[in-house]
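Chain letters run A, B, ... following the sequence lines, proteins first and then strands; every chain starts at 1.
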Amino acid sequence: DAGVTQSPTHLIKTRGQQVTLRCSPKSGHDTVSWYQQALGQGPQFIFQYYEEEERQRGNFPDRFSGHQFPNYSSELNVNALLLGDSALYLCASSQNTEAFFGQGTRLTVV
Amino acid sequence: QQQVKQSPQSLIVQKGGIPIINCAYENTAFDYFPWYQQFPGKGPALLIAIRPDVSEKKEGRFTISFNKSAKQFSLHIMDSQPGDSATYFCAARYKNGSSNTGKLIFGQGTTLQVKP
């Protein structure tokens with residue numbers, strides 16, 4: 001079992017650009033959540049996908065959007081990037097169980 | 001508004017010591033309280049978790065103590081080792097109907113250093 005896998009591992013983008021991050025959940029898991037972890041902070045909940053629909057959302061602007069595919073994998077899209085979007089983006093998967101996290105994607109906005 | 005408050009921010013102990021990390025919450029809509037361990041460059045890994053109807057849970061060298069009336073819970077690491085040096089996060093999960101997939105609210109984290 002490969003666990004939760006995220007790609008890419010690192011990414012550098014310019015202010016104003018758009019970015020797409022990807023997540024493959026742990027085998028058997030149908031729910032995917034995304035978190036943003038700023039340096040030295042705890043992860044903050046962005047949103048959660050289940051059955052290809054956004055089920056819960058945290059306090060993030062509409063620039064943050066997502067998608068879940070029929071195979072349960074997910075994408076996080078961020079438009080009009082700001083310097084403050086620089087962070088570790090974590091994907092977590094679950095199926096009526098504890099959440100298991102991937103290694104994250106380190107996004108740097110310059 | 002910080003819904004889960006964690007302390008201390010950092011902690012240094014000698015090998016074999018018992019570091020204690022504390023968390024407090026206010027919202028009664030939480031139904032599950034996990035602790036995560038995170039190494040640099042890695043995602044958080046679940047260590048141990050407890051439900052509010054239990055006052056204590058032990059798994060190996062890790063123990064959670066839970067005080068529902070005080071809305072506080074803590075992590076104790078027995079016989080700490082240098083390999084335990086990491087950042088520890090407490091979290092609280094919102095109830096989400098009958099499923100166990102409510103969003104997690106994390107504390108600010110505690111950086112633990114265990115000296116040899």
Side-chain angles (χ1 to χ4, degrees), chain A residues 2-7 9-10 21 23-26 28-51 53-60 66 68 72 74 87-106 108, chain B residues 1-10 21-25 27 29-51 57 59 64 75 86-112:
Chain A
V4 181
T5 58
Q6 294 186 241
S7 64
T9 306
H10 296 86
L21 310 181
C23 171
S24 292
K26 187 175 169 68
H29 286 187
D30 58 4
T31 302
V32 173
S33 301
W34 287 91
Y35 291 79
Q36 180 195 65
Q37 185 177 20
L39 201 60
Q41 304 293 318
Q44 291 203 3
F45 178 80
I46 303 175
F47 43 53
Q48 182 184 85
Y49 277 84
Y50 172 71
E51 291 189 343
E53 290 191 359
E54 184 182 291
R55 182 161 67 174
Q56 302 178 66
R57 190 177 182 92
N59 295 325
F60 280 79
Q68 185 179 35
Y72 307 126
S74 177
L88 181 68
Y89 287 86
L90 296 162
C91 169
S93 75
S94 59
Q95 180 167 356
N96 210 31
T97 62
E98 300 88 352
F100 291 85
F101 284 83
Q103 82 284 1
T105 293
R106 172 68 64 187
T108 302
Chain B
Q1 181 187 5
Q2 191 176 346
Q3 298 191 55
V4 178
K5 296 181 180 180
Q6 183 171 346
S7 63
Q9 188 174 0
S10 62
I21 304 170
N22 301 298
C23 285
Y25 65 97
N27 199 322
F30 297 133
D31 67 350
Y32 173 79
F33 300 86
W35 284 88
Y36 285 86
Q37 179 189 57
Q38 186 175 31
F39 293 103
K42 302 292 185 182
L46 178 66
L47 261 182
I48 185 173
I50 197 167
R51 295 189 183 276
K57 184 175 181 180
E59 285 187 1
I64 300 178
L75 175 70
T87 300
Y88 292 80
F89 292 96
C90 64
R93 186 180 69 190
Y94 270 102
K95 295 174 188 174
N96 185 28
S98 59
S99 78
N100 294 319
T101 55
K103 65 182 181 183
L104 291 170
I105 306 298
F106 284 81
Q108 294 290 90
T110 297
T111 301
L112 171 66

Should B:L104 and A:Y35 be marked as a side chain to side chain contact (heavy atoms under 4.5 Å, CB included) after you check the CA-CA gap, both sets of side-chain angles, and the distance that decides it? CA-CA 9 Å; B:L104 291 170; A:Y35 291 79; 3.3 Å; yes
Select one option (side chain, backbone, both, neither) describing which atoms of [X] are under 4.5 Å from chain B's heavy atoms.
X: A:F47; value: neither
X: A:Q37; value: side chain
X: A:T31; value: side chain

Does B:P8 offer a backbone N or O that forms a donor-acceptor pair with the side chain of B:T110 under 3.5 Å? yes
Would a distance-only check, ignoring hydrogens and angles, find a side-chain to backbone donor-acceptor pair under 3.5 Å from B:Q38 to B:T87? no
Is chain A contacted by the side chain of [X], its backbone, both, or neither, given a heavy-atom distance below 4.5 Å?
X: B:Q9; result: neither
X: B:L46; result: side chain
X: B:P44; result: both
X: B:Y94; result: neither
X: B:K103; result: both

Using side-chain heavy atoms (C-beta onward) and a distance below 4.5 Å, is A:Q6 in contact with A:Q103? yes
Quick one: does B:C23's side chain get under 4.5 Å of B:W35's, heavy atoms only? yes
For chain B, the option from A:Q41, A:Q56, A:R106 that forms the most heavy-atom pairs under 4.5 Å: A:Q56
Verify side chain to side chain contact (heavy atoms under 4.5 Å, CB included) between B:V4 and B:F106, making sure each step is shown before the conclusion. CA-CA 6 Å; B:V4 178; B:F106 284 81; over 6 Å; no
Assess whether side chain to side chain contact (heavy atoms under 4.5 Å, CB included) is satisfied between A:H29 and A:Y72, documenting all intermediate values. CA-CA 8 Å; A:H29 286 187; A:Y72 307 126; over 6 Å; no
